[in-house]
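Below is one structure, written out as C-alpha cells, with a few remarks after it.
Residue numbers run from 1 in the order of the sequence given.
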Amino acid sequence: MRRLEYKWLVGITFVLALIMQILDVTILNVALATLGREFHAEPAQLQWVLTGYMISLAVFIPSSGWIADRFGSKKTFQAAVVIFTLASMLCGLAVSMEMLVGSRILQGVGGGMLVPVGQAMMFRAFPAHERAKAGAVLSIPITVAPMLGPLLGGVLVEFASWRWIFFINLPVGALALLFTILFLKEESTRDPGRFDVPGFVLAGAGLATLLVGLDQGAQIGWTRPAVWLSLIAAALLIGGLVWRELAVRSPMLDLRLLGDRLFGTGNLLLLCMTGAMFGVLFLIPLYLQTLRGVSPMFAGLVLMPQALAMLATTQVVSRVYGRIGPKRLVIAGFVVQLIIGGMLQLQNLSTPLWALGLMLATQGLAMGLLMTPVQTATFAQISGPAMGMASSMFNVTRQVATALGTAVVATVLTVLSQHNQSTVDPSVPAAAAEAQLGAFHGAFLVSVAFAVLGIVLALRVRDADAAATLDRPKAAARQGEPEPSKP
C-alpha cells in the first residue's frame, strides 16, 4: 500500500475513534438529569458517572505509550476501541447506578489509550512536513463532535431513550475497528524495557488525584479539607513521579522529552490554549441558560458559529503553516483570544444573541489559528520511536489543562457571584441579574490571562526548531534564526 494511501487510512480510523470518544463526553452532559431520575440518584452519586471515567482516563493515559511500545500500536489501538465500544454497550444496558459507574470506569480504560496511541500512529504515518495536514484532519472531530454532542444528546433523550446516548457509539466503534483490522499495519517501536510499576502507580494516582481535586475545588469550594488533601496528595505523588522517572532507565513517562525546547514549550502552549478554550466553553452555556433564559439545545446552537469558524480556520492554517511557520500563527491566535476576552466584557443582558454568536465565531478563529501550529510544532523534533511516549505526555497536559481551565473560571465565577450578590438587594431581580453579569465578566477575564501567558510563551518558539514541519525546511534559518537542534 502506497504511503499516500496509508496515512489517510490511519487518519480516517483515528477520526472515527475520536468522534466516538468526544461525542460520548458531550452527549452525556445533556443526559445527567435524566440519569438521576432514572436511577433515583443523588447528585453526589451521579457525579461518579463523570468522576469514575475521569479517574480511569488519568490512570491509563500516562501508561498508554509504554503499552503501545510493548504490545504494538495497532494491537493497543484495537484493544482500546473494543474496550470503549463494549463498555458503551454495558452503559446502555445498565440497570443500576453501580453498573453504570462501573461501565464508565471501563470506558475510561479504553478512552485513556485511544487518543494518545491513535495520535502517535497518525503522526508516524504523516511525514513531518505534512503533519499540519494531520492537524487539519484532527480538527474535524475536535470541533464537530462538541458541536453536535449537546444537540444529538437532547434529541436522543427527548425522542428515544437515554440508553441511546451510549448505544450510538456501537456502529461508530465497529466501523473504527473494521478499519483498524483491514487497513492499519503494526508498527515496530523501541524496546520499552520492563514495566515501571512504581511509575504507573505514581502517574495514575497523581494525575487522578489532581484532576479530582481541581474538579471538587471548583464545585464545593477550595476551603474544604478534602480538596486541600487531594491537591497536597497530588503534589506529593507527582513530585515522587518526577524523581522516579528521571532516575530509571525505562520510565513509564519519559520526562526527559520535556528537555527538548520546542516540546516543552509546546506543552505549556497547549495548557494556555486548552485552558482558555474550555474556560469559555464552560461559561457560555451557563451564561445563556441562567441569565438569558435559553434552553440547553438553543445554547448549543449559539455555540455552533465557534465550532464552524474553528473548523474553517484550521483547514486554512494547515495550508499556510508550512510557509508562515508556527511562531507568528500562535502569537496571532493568542492576540485574537485576548481581543475576544475584551469583547466579552462589553456584552450586557440585552446584547443580541447573534452578536454573541459573532464573538464566539471570533473565538473559533483564535482556536483555529492555535490548534494546528501548537500540535504540529510540539512534535517537530520528536523521533518516531519516541512518538508514543510524547503523545502520552501531550495528552496528560491536555487533561490537566481542561480541568484547570474549568476549575479556575468556575472558582472566579463563584467568588465574584457571592461578592456581587452580597452588595445588592436580592428582592430586585434586575439588580441581581446585573450583579451576576458582572461575575461572568470577571470570569471571562481568565481567558485573557491565559492568552497573555500564551503570547509570552510563544515568543520562545523558534521557527527554525520546527523546520522539519515546514514546506521549506531552511526557510526559518534564512530568516536569521539559528539552525534547529538535533533531536
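- Remark: side-chain polar atoms of Arg163 are paired, donor with acceptor, to backbone N or O of Ala94 under 3.5 angstrom.
- Side-chain contact between Asn169 and Thr85: absent, with no pair of heavy atoms (C-beta onward) separated by less than 4.5 Å.
- The minimum heavy-atom distance between Ile165 and Asp24, with the atom names listed, is O-OD1, 4.5 Å.
- The CG atom of Leu210 sits 5.0 Å away from atom CD1 of Ile238, with the distance rounded to the nearest 0.5 Å.
- Remark: side-chain polar atoms of Arg104 are not paired, donor with acceptor, to backbone N or O of Trp48 under 3.5 angstrom.
- With a 4.5 Å cut-off on side-chain heavy atoms, Phe166 and Leu100 count as touching.
- Here the CG atom belonging to Leu268 is positioned 5.5 Å from the CG atom belonging to Leu457, to the nearest 0.5 angstrom.
- Checking each of Met387, Met121, Lys185 against Ser73 for a side-chain contact (heavy atoms from CB on, under 4.5 Å) leaves exactly one that passes, namely Met121.
- Looking only at side-chain heavy atoms (C-beta outward), Ile340 and Ser447 stay at 4.5 Å or farther from each other.
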Tell me, with the steps shown, if Met343 and Gln363 meet side chain to side chain contact (heavy atoms under 4.5 Å, CB included).
CA-CA 10 Å; Met343 290 174 63; Gln363 162 92 9; over 6 Å; no
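- For the pair Leu344 and Gln347, the tightest heavy-atom approach, listed with the atom from each and the gap, is O-CG, 3.0 Å.
- Under a 3.5 Å cut-off, the side chain of Arg398 and the backbone N or O of Phe394 do not form any donor-acceptor pair.
- Within the 3.5 Å criterion, the main-chain N or O of Gly364 finds no donor-acceptor partner in the side chain of Gln306.
- A side-chain contact (heavy atoms from CB on, under 4.5 Å) with Phe334 is found for exactly one of Leu369, Leu329, Leu269, namely Leu269.
- Neither side chain, Ser56 nor Gln107, offers a donor N or O lying under 3.5 Å from an acceptor on the other.
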Go through the steps for Phe379 and Thr469 under the test side chain to side chain contact (heavy atoms under 4.5 Å, CB included), then give the verdict.
CA-CA 9 Å; Phe379 290 88; Thr469 65; over 6 Å; no
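- Nearest heavy atoms, Ala380 versus Leu262: CB-CD2, 3.8 Å.
- Trp162 CH2: more than 12 foreign heavy atoms inside a 6.0 Å radius.
- Residue pairs that meet the side chain to side chain donor-acceptor pair (under 3.5 Å) test with at least one member in residues 91-102, sequence neighbours left out, do not exist here.
- Leu177 has its side chain within reach of Ile181: a pair of non-hydrogen atoms, C-beta onward, lies under 4.5 Å apart.
- Remark: Met122 CE to Ile12 CD1 distance equals 9.5 Å, nearest 0.5 Å.
- Residues in residues 364-379 take part in no salt bridge (Lys or Arg N to Asp or Glu O under 4.0 Å) pair, two or more places apart or across chains.
- Closest heavy-atom contact between Ala208 and Ile55: CB-CG2, 3.9 Å.
- Judged by distance alone, with hydrogens and angles left aside, the side-chain atoms of Glu186 form a donor-acceptor pair with the main-chain N or O of Lys75 at under 3.5 Å.
- Atom CG in Leu214 sits 9.0 Å away from atom OG1 in Thr411 (nearest 0.5 Å).
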Trace of the side chain to side chain contact (heavy atoms under 4.5 Å, CB included) decision for Leu184 with Phe179:
CA-CA 7 Å; Leu184 268 58; Phe179 266 72; 5.5 Å; no
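- Ring pair Phe195/Phe200 is tilted by interplanar angle, where 30° to 60° counts as tilted.
- Thr314 approaches Gly368 most closely through the heavy-atom pair OG1-CA, 3.6 Å.
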Any chance you could lay out the side chain to side chain contact (heavy atoms under 4.5 Å, CB included) test for Thr378 and Leu270, step after step, and finish with the verdict?
CA-CA 9 Å; Thr378 299; Leu270 175 68; over 6 Å; no
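- No side-chain donor-acceptor contact under 3.5 Å links Ser391 to the backbone of Gly388.
- For the pair Leu86/Leu106, no side-chain contact is recorded, criterion being any heavy-atom separation below 4.5 Å from C-beta on.
- Gln345 has its side chain out of reach of Val448: every pair of non-hydrogen atoms, C-beta onward, lies at least 4.5 Å apart.
- Ile382 CD1 to Arg124 CZ: the interatomic distance, rounded to the nearest 0.5 Å, is 11.5 Å.
- Between Leu258 and Asn267 the shortest side-chain heavy-atom distance falls below 4.5 Å.
- Side chains of Arg37 and Thr34 form a contact here, defined as non-hydrogen atoms less than 4.5 Å apart.
- Remark: the Ser392 side chain and the Ser64 side chain contain an N/O donor-acceptor pair separated by less than 3.5 Å.
- Between the CD atom in Gln119 and the CG atom in Asn395 there is a gap of 5.0 Å [rounded to 0.5 Å].
- Checked by atom type and distance alone, the side chain of Thr313 never pairs as donor or acceptor with a backbone atom of Met310 at under 3.5 Å.
- Of all non-hydrogen atoms in Gln78 and Thr180, the two that sit nearest each other are CG-CG2, 3.1 Å.
- Every residue two or more places apart in sequence or in another chain that forms a side-chain contact (heavy atoms from CB on, under 4.5 Å) with Thr209 is listed here: Ser230, Ala233, Ala234, Leu237.
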